[in-house]
Amino acid sequence: MARLPFTNDIRTLRFLSNEMTQGELGERVGVTRQTIAAIEQGKYSPSLEVAFRIARTFGKPLEEVFQWTEPEK
Amino acid sequence: MSFREKTHWVALVALLGAFGWYFANYPWSIVDTRAGVYAAIGMLIPVTIIFLIPMVIGSAWFAIRSPKEANLKEDEREKTIHMRGTHLAYYPLVLGIWANIVAMINGNSGGVMLNILLATLVAAELIRVGSQLYYYRRGY
């Protein structure tokens, strides 16, 4: 599977949010625990809506949760 | 493993068990006769039972063990997996329909055509469930 052109800091942000579990984050965002795990591992590219919901859960702007890593052409 | 992934595994095993039994035990020597058609229809009753029993028991068992997950609606990733699997299952369906058209033009018996239809259905379902399990495992 092709690597996604962005990384994320969800794991760190969960840890900093009273060690929130993947299940708890999933519940707040409206997705399953497995989907949060897939996003964290860079195996699934979430929709813009879910990305915003995750960022809002942590009270952060989108760019602090997801970072574009592909070199610009 | 999510509730849906577990029920997909049960479906795969039930499908292989039920239709594996059917294709292994169908009386192929009478496939070209009227009795061949009735044999296929008659065998579909135990096939349905063999398929449904593990599905019902498995789904109930997993739902009892994790009721919260069982009541969750499909999220966006699961919907994508669902759609991808259904899309891939379209191809064996088309091939099966063409195989049946060819069998019809060749004047094959009703028993042959019925079995081609059943094989088409099984192949499409195996591709659908199998590909969905693959995407669940891969983390798509």
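Just so it is clear: chains get the letters A, B, ... in the order the sequence lines come, proteins before strands, and each one is counted from 1. It should be emphasised that the depicted structure is a prediction, and the values quoted were computed from it without experimental measurement.
Across all their heavy atoms, A:Arg33 and B:Met1 have their closest contact at NH2-N, 4.4 Å. Of all heavy-atom pairs spanning B:Arg138 and A:Lys43, the tightest one is O-CD, 3.2 Å.
When the shell of 6.0 Å around CZ of A:Phe52 is examined, it contains 12 or fewer heavy atoms from other residues, nucleotides or ligands. Within 6.0 Å of OH on B:Tyr38 lie no more than 12 heavy atoms contributed by other residues, nucleotides or ligands. No more than 12 heavy atoms of other residues, nucleotides or ligands shown are found within 6.0 angstrom of CG on A:Asn18. In B:Trp28, the CH2 atom is crowded: over 12 heavy atoms of neighbouring residues, nucleotides or ligands sit closer than 6.0 Å. More than 12 heavy atoms of other shown residues, nucleotides or ligands fall within 6.0 angstrom of atom CH2 in B:Trp21.
Side chain to side chain, A:Ser47 and B:Glu76 meet the donor-acceptor criterion of an N or O pair below 3.5 Å.
Taking CD1 from B:Ile81 and OG1 from A:Thr35, the interatomic distance works out to 7.0 Å, rounded to the nearest 0.5 Å.
With contacts defined as side-chain heavy-atom distances shorter than 4.5 Å, the pair B:Arg77/A:Thr32 qualifies.
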